[in-house]
K.L.:
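Supplied in structure tokens, the structure appears directly below.
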Amino acid sequence: LMFHGFFMCLDSLLFMVTYLPIRIMRALYLLFYTALLPKHVRERSRLLNVRFHRTQLYDLLRGSIIVIAFLALLQVQMSQIYHFVRGQTFIKLYV
């Protein structure tokens, strides 16, 4: 059971580190392609199925959530949080 949980966490981490950036770059390319190119060029590419879909929007939203969380955590001083939690009576941290 522990191995299953470990591999689930590893799979999620590897997805965020390797596959999601590739999907975000593809979504940005498709957004640029569908938003800025003239309509007649996009009409020819319909046969290639090169359009911005909802799934690319979800990828961009996932990437932006990760960036926002990263920037928010940069503002937090972990030493102050550690001492705050350590001083709580109902949570005891043993180091």
Side-chain angles (χ1 to χ4, degrees):
L1 191 59
M2 285 290 283
F3 289 116
H4 179 69
F6 172 74
F7 285 118
M8 292 283 288
C9 290
L10 182 66
D11 179 52
S12 178
L13 175 71
L14 290 176
F15 175 80
M16 294 297 212
V17 173
T18 58
Y19 193 58
L20 188 62
I22 295 169
R23 288 178 62 126
I24 289 172
M25 287 188 293
R26 183 174 186 266
L28 288 172
Y29 169 74
L30 290 175
L31 181 64
F32 169 76
Y33 187 78
T34 57
L36 297 178
L37 287 180
K39 189 173 183 176
H40 68 280
V41 174
R42 284 184 283 159
E43 291 295 326
R44 283 190 290 143
S45 68
R46 273 209 179 153
L47 299 173
L48 300 174
N49 197 14
V50 181
R51 290 184 296 165
F52 188 75
H53 294 284
R54 214 176 323 157
T55 56
Q56 281 90 21
L57 178 64
Y58 296 154
D59 292 334
L60 289 177
L61 288 175
R62 264 192 245 161
S64 64
I65 288 172
I66 290 171
V67 168
I68 290 170
F70 176 74
L71 293 176
L73 285 175
L74 282 178
Q75 304 300 320
V76 176
Q77 293 181 359
M78 287 298 162
S79 63
Q80 287 182 348
I81 291 178
Y82 170 76
H83 290 293
F84 173 75
V85 171
R86 189 172 177 211
Q88 297 291 321
T89 57
F90 58 94
I91 300 175
K92 290 294 181 185
L93 294 179
Y94 297 100
V95 180

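Keep in mind that the numbers below use all heavy atoms, side chains included, and drop hydrogens, waters and symmetry copies. Counting from 1, the numbers follow the sequence of the chain as shown.
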K.L.:
Give the minimum heavy-atom separation between Ile81 and Val76, together with the two atoms involved.
P.N.:
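Answer, listing the atom of Ile81 first, then Val76: CD1-CG1, 2.9 Å.
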K.L.:
If you round to the nearest 0.5 Å, how far is CG of Leu60 from CZ of Arg23?
P.N.:
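Output value for this atom pair is 10.5 Å.
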K.L.:
Can you tell me how far CG of Leu31 sits from NE2 of His53, rounded to the nearest 0.5 angstrom?
P.N.:
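Rounded to the nearest 0.5 Å, the NE2-CG separation comes to 12.5 Å.
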K.L.:
Among the clusters formed by ILVMFWY side chains lying less than 4.5 Å apart, do Leu28 and Ile66 turn up in the same one?
P.N.:
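Yes, it is one cluster - the side chains of Leu28 and Ile66 are joined through contacts under 4.5 Å.
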K.L.:
Look up atom CG in Asp59 and atom CD in Gln56, then write down how far apart they are to the nearest 0.5 Å.
P.N.:
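Reported value, rounded in 0.5 Å steps: 6.5 Å.
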K.L.:
Do Tyr19 and Leu14 sit in the same hydrophobic cluster, where Ile, Leu, Val, Met, Phe, Trp and Tyr count as joined when their side-chain heavy atoms come under 4.5 Å apart?
P.N.:
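No, because Tyr19 and Leu14 fall into different hydrophobic clusters, even though each may have its own neighbours under 4.5 Å.
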K.L.:
Walk me through whether Phe70 and Leu74 qualify under side chain to side chain contact (heavy atoms under 4.5 Å, CB included).
P.N.:
CA-CA 6 Å; Phe70 176 74; Leu74 282 178; 3.7 Å; yes
K.L.:
When you compare the side chain of Phe84 with that of Gln80, does any pair of heavy atoms fall below 4.5 Å?
P.N.:
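No, too far: nothing below the 4.5 Å cut-off.
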K.L.:
Apply side chain to side chain donor-acceptor pair (under 3.5 Å) to Gln75 and list each qualifying residue two or more places apart in sequence or on a separate chain.
P.N.:
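With sequence neighbours excluded, Gln75 shows a side chain to side chain donor-acceptor pair (under 3.5 Å) to no residue whatsoever.
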K.L.:
Can you tell me how far the CG atom of Leu30 sits from the CZ atom of Phe52, to the nearest 0.5 Å?
P.N.:
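Reported value, rounded in 0.5 Å steps: 7.5 Å.
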K.L.:
Calculate, to the nearest 0.5 Å, the distance between atoms CG and CE belonging to Leu13 and Met16 respectively.
P.N.:
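Nearest 0.5 Å value for the CG-CE distance: 9.0 Å.
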K.L.:
Would you kindly confirm whether Tyr58 and Tyr29 end up in one hydrophobic cluster when ILVMFWY residues are joined by side chain heavy atoms under 4.5 Å apart?
P.N.:
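Result: no, two separate clusters.
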K.L.:
Determine the minimum heavy-atom distance between Ile24 and Gly63, stating which atoms define it.
P.N.:
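Here Ile24 and Gly63 meet closest at CD1-CA, 3.5 Å.
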K.L.:
Closest heavy-atom contact between Met78 and Leu73?
P.N.:
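Heavy atoms only, the tightest pair is CE-CD2, 4.3 Å.
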K.L.:
Using modelled atom types and a 3.5 Å cut-off, is there a donor and acceptor pairing between side-chain atoms of Ser64 and backbone atoms of Leu61?
P.N.:
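Yes; at least one donor-acceptor contact below 3.5 Å.
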K.L.:
Heavy atoms, side chains only, cut-off 4.5 Å: are Leu20 and Phe15 in contact?
P.N.:
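Answer yes - side chains close enough.
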